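Reviewing the structure listed below.
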Amino acid sequence: MSSEVEGLNPPQRQAVLHPGGALVVFAGAGSGKTRVITHRIAHLIASGSVPPHRILAVTFTNKAAVEMRERLERLVPGAAGGRGRGGLAVGTFHATCARLLRENADRAGVDPRFTIYDAEDQQAMIRRVLRQLGLDPKRYPPKAIAGYINASKRHLRGPGEGDAARGYMDEAFERVYAAYDERMSAARALDFGDLIYRMVRALEQDDDLRAELAGRYLHVLVDEFQDTNHAQFRLVDALSGVHGNLCVVGDDDQSIYGWRGADRRNILDFRGSHPGATVIKLEQNYRSTRRILRAAHGVIARVSEREAKELWTDKDDGAPVRDLLCLDERDEAEMLVQAVRELLRSGWALSDIAVLYRVHAQSRVIEQRLRVANVPYRIVGGLRFFDRAEVKDVLAYLRVVANPGDDVSLLRIVNVPTRGIGKVSLDRIIEAAARAGTGVFAQLAAAQTNPGLGKAVKRRIAGFVELIERLREHAAGGATISELGREVVDRTGYLRDLDEEDTAEADARAQNVRELIGAMEELDRADDPIGLEGFLEAVTLDVRAADDGARDRLTLMSVHAAKGLEFPVVVVVGLEDGLFPLRTGETSFDPAPSDEERRLAYVAFTRAKEQLVLSHAQARTLFGQTRGCWASPFLREIPDGDVQRLVSPAVRAASAGGAPFGWRHRVGGSRSGRDDVGAEWDEGAHRDRRGHEGDDAYLDTSEGCDAPHDDDLPGFRQGMAVHHKKFGVGRVLRVDGGAPAKVSVDFGSAGTRTIFADYLEPSA
DNA sequence: GTGGAACACCTTTTT
DNA sequence: GGTGTTCCAC
């Protein structure tokens, strides 16, 4: 038996050994998906029939591509090769298309030296187009237009190819799309959507090109197929069209990017789109305990349309899922710190624990509390290194050097750092460019003869033009990337300005610029230099976050960012109806969470290997509004026997009746540092990893299934706005405990009334 | 041309 | 509530 199938279970082995033709692998969470893909590729190569360079593997993220390459290198040394020819082609959809487009630029109708615009650049370009067309950005938000353009490209619609029956709004959108398209070509720029869209167009319209490229790849493999959009689906089909050996791997239950155009149908309907396709399901989970899997099953089983499957494991039940009821987000942060301390005492490391939230805004309160408590943490996601303003500024200089037509980058840096070329002068220049039908840089170069500009401005512009031209000469003369980068920050005084500012933020930004130069130096030293254009492409397509080493830290991130990762302990915070599942601008009240939110919860739960901790609050302030909260429906869907419901001391104190509000606040976490709450926890903490079945001195366990803490009632607090069917909106004066609970409410003109809490709803 | 103050915005996010 | 963006006064 060949080594590629050793240690694989039967369905995994079947997928690896599958000879050819269409194959779809439904790979549940933690079922060894990456293993199957890499082993399958290794098998294809090792069997001797397929040379590595005739295999194309496509992923969604660079991280996944790098990981695949590394694992393959271990399985079949030498096969993965370098980036160049000869090796296996592993890359993201976008990097793969960028490569193919540059190789076949003339046939695809693009300039081979195109610059790639990210979402931010794209919106800057749209803003320009709006101004040019005299359209109000308030009426036509650039974001919405970007959405429209991206959706059009996803559906392979060029400008002017929208549906016939369109409303007034779309007519304007189409006009912007058309003008945007023109401006982009003039700037020699492609946006992310273009990379896929242009490649698919070229392949579908040029038979020779299709025959050539599709003929090149004997096998095409696609990871995370549930995340593909329509254009990507067509791309994959076109590229695998000659030999028909297409293997797609994914999990419809982990499709969480529907909002940005991913189409679950691509995997769900694969049998239909590829008749005769082999279907394999991987249902054995190697990651989580049974309790965690049952909790995850509880939420995913209610999704209406899904491929039938259920994860199983031969692991033990494991520790129960814990659900902490907290007073508010501050109390929740406090409980989190306590839980982390307890986990550390029972033997886990900080790096074993991840805290997941639905929206980034939740992280702030948690971060504040962690800082006070001296718990080191790192945040994954958020603003990435290459997206930081200072990094983009320096890169924009290099992009202008590489592509004089790149107006978006040019306008970004023409007055950064401030060099006295202001809005009025720039407007004149832009206008001149529009009239002459040239790029902005050409008009800057011609500024000396522009009658609309003052003498001082002309002098400053001349200085800027000279700077760029000198950089351009150096680039042409073979300067390395880091030399160019250094020249930019030296000649512009960019770093000097930051250093002079002498604030913490300026220091951090200066540090990022230095880091960027460091990254450039590293690239210059590499064996296969990629050149300025290669560098700029890599930087735009690879949004690798700045790596802050292997220090032992708690990890904080959104559930989306956690997809594909696993941690021994996972804490999911904010499990409240409205937050997770998130409900925004819902028109009708449907108590059922959306399927995508369900899948998101499923992804969150299945990240955990050993322990899953959930929390929710009775009230939460988010985006400046405080609301009373009900528990998330997801919490009720976890089997009762698998979840231990706990109540924070602050909630206990608040609901004890008659407890003064001030005291409640104290417990809620405004006290400093390591306090006696932690000491209390100590006494109840268990020292072994599986020891959470017993009581905790610190947290109250509720009285069992018949009396769950289960908040069928939201937590009402003094001062909270509430709504009553008859009396309208009022303010809570007093909460009188009791069962059923009663609340005194001031309804203004309707007077003050004491009402059963059941008849009240929290109001925005 | 620059800087402060009012203003709108605010899921999730890779490429 | 916090932040990025635009607008207007200097």
Side-chain angles (χ1 to χ4, degrees), chain A residues 58-65 91-98 116-124 127 136-138 141-144 147 150 153-154 190-197 223-224 227-229 231-232 255-262 329 356-365 367-368 380-384 386-387 389 415 417-427 454 456-457 460 505 537-545 557-564 574 578-586 594 596-597 599-601 603-604 620-626:
Chain A
V58 191
T59 62
F60 265 85
T61 65
N62 283 288
K63 212 172 131 204
T92 64
F93 271 99
H94 293 85
T96 300
C97 285
I116 301 171
Y117 275 9
D118 68 11
E120 198 186 325
D121 302 329
Q122 180 187 37
Q123 281 191 39
R127 261 177 240 280
D136 180 8
K138 287 205 179 82
K143 237 185 181 170
N150 295 338
K153 290 178 182 172
R154 264 197 316 267
L190 296 184
D191 62 33
F192 286 139
D194 279 323
L195 294 175
I196 315 290
Y197 163 69
D223 192 15
E224 305 278 18
D227 287 337
T228 50
N229 62 36
Q232 290 161 336
S255 159
I256 57 177
Y257 287 112
W259 52 273
R260 70 172 193 219
E329 70 278 2
L356 310 186
Y357 35 78
R358 178 63 245 268
V359 303
H360 277 303
Q362 289 171 260
S363 75
R364 212 193 68 252
V365 180
E367 286 182 73
Q368 283 168 354
V380 176
L383 204 50
R384 291 150 309 199
F386 290 119
D387 284 344
N415 201 29
T418 326
R419 53 171 67 89
I421 304 174
K423 194 169 167 293
V424 178
S425 310
L426 275 179
D427 280 348
V457 174
R460 297 175 196 135
E505 293 107 282
E537 173 176 319
V539 146
T540 314
L541 292 183
D542 180 359
V543 285
R544 191 168 321 174
M557 63 187 142
S558 70
V559 178
H560 283 91
K563 196 176 125 196
L579 180 60
F580 199 0
L582 187 68
R583 302 173 191 274
T584 48
E586 257 178 36
S594 76
E596 184 137 320
E597 292 293 319
R599 293 191 292 267
L600 205 46
V603 167
R620 181 175 300 269
T621 305
L622 205 63
F623 301 125
Q625 282 198 318
T626 303

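Every chain is numbered from 1, with letters handed out A, B, ... down the list of sequences. Everything quoted here is computed from the prediction, not taken from an experiment.
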| task | Could you tell me whether the side chain of A:R260 has a donor or acceptor atom within less than 3.5 Å of a complementary atom in the base of B:dT14? | result | yes

| A:R583 has an atom CZ; how far is it from atom C1' of B:dT12, in whole Å? | 16 Å

| query | Going by ring centres under 5.5 Å and near-parallel planes (under 30°), is A:W259 stacked on B:dT12? | reply | yes

| task | Could you check which of B:dT11, B:dT15, B:dT13 has an atom nearest any side-chain atom of A:L541? | result | B:dT15

| message | Taking only side-chain N and O atoms of A:N415, does any of them lie within less than 4.0 angstrom of OP1 or OP2 on B:dT2? | response | yes

| remark: Taking B:dT13, B:dT2, C:dG2 as options, the one with an atom nearest any side-chain atom of A:R364 is C:dG2

| Are A:R599 and B:dT12 close enough that a side-chain N or O sits under 4.0 Å from OP1 or OP2? | no

| field | Closest to side chain of A:T418, choosing from B:dG1, B:dT12, B:dT2 | value | B:dT2

| query | According to a strict under-4.0 Å criterion, is A:N62 in side-chain N/O contact with OP1 or OP2 of B:dT15? | reply | yes

| note | Rounded to whole Å, the CZ-P distance (A:R154 to B:dT13) equals 17 Å

| request: Measure distances between side-chain N and O atoms of A:R358 and base N and O atoms of B:dT12, and say whether any donor-acceptor pair falls under 3.5 Å. | output: yes

| query | If you find the nucleotide of DNA chain B closest to A:V424 and the one closest to A:A561, which residue's nucleotide is nearer the 5' end? | reply | A:V424

| query | From the list C:dT6, B:dT15, B:dT11, which nucleotide is the closest neighbour of the side chain of A:F192? | reply | B:dT15

| query | Any chance the side chains of A:D227 and A:Q232 put a donor and an acceptor closer than 3.5 Å? | reply | no

| Note, A:H360 side chain near A:M557 side chain (heavy atom, < 4.5 Å) | no

| So do the side chains of A:I116 and A:D194 get within less than 4.5 Å of each other, counting heavy atoms only? | no

| request: Determine if the base of B:dT11 is syn or anti; take syn to mean the glycosidic torsion is within 90° of 0. | output: syn

| request: Check the distance between B:dA8's P and A:Q625's CD and give it to me in whole angstrom. | output: 16 Å

| query | Do you know the tightest heavy-atom contact between A:L541 and A:F192? | reply | CD2-CE2, 3.6 Å

| request: Please state how far atom NE2 in A:H560 lies from atom P in B:dT14, giving the value in whole angstrom units. | output: 10 Å

| request: Specify the separation, in whole Å, of atom CD1 of A:I256 and atom C1' of B:dT13. | output: 9 Å

| Parallel, tilted or perpendicular: ring planes of A:H560 versus A:Y257, cut at 30 and 60 degrees | tilted

| said: Which is more 5' along DNA chain B, the nucleotide nearest A:K143 or the one nearest A:V559? Just name the residue. | reply: A:K143

| message | Can you measure A:N229 atom CG to B:dT13 atom P for me and round it to whole angstrom units? | response | 18 Å

| task | Under 4.0 Å between any heavy atoms, over every strand shown, what does A:F93 touch: base, sugar-phosphate, or nothing? Just pick one. | result | nothing

| field | Given B:dT11, B:dG1, B:dT15, the nucleotide with the shortest approach to the side chain of A:S425 | value | B:dG1

| Counting side-chain heavy atoms from C-beta on, which of B:dT11, C:dC7, B:dT15 comes nearest to A:K138? | C:dC7

| task | Report which part of the nucleic acid A:F623 touches: base, sugar-phosphate, or nothing (heavy-atom distance under 4.0 Å, all strands). | result | base

| So, do A:E224 and A:T59 sit near enough that their side-chain heavy atoms are less than 4.5 Å apart? | no

| Quantified in whole Å, what is the P atom distance between nucleotide C:dT5 and nucleotide B:dT12? | 16 Å

| note | Whole-Å distance, A:R460 CZ to B:dG1 P, equals 7 Å

| said: Applying a 4.0 Å non-hydrogen cut-off, can you work out what A:R127 is touching in the nucleic acid: base, sugar-phosphate, or nothing? | reply: sugar-phosphate

| task | Select base, sugar-phosphate, or nothing to describe what A:G624 touches, counting heavy atoms under 4.0 Å on all strands. | result | base

| message | Can you confirm whether A:Y117 sits close enough to A:L190 that some side-chain heavy atom of one is under 4.5 Å from a side-chain heavy atom of the other? | response | no

| In whole Å, what is the span from the CD atom of A:Q123 to the P atom of C:dG4? | 15 Å

| query | So, is A:H360 close to the B:dT13 phosphate, meaning a side-chain N or O under 4.0 Å from OP1 or OP2? | reply | yes

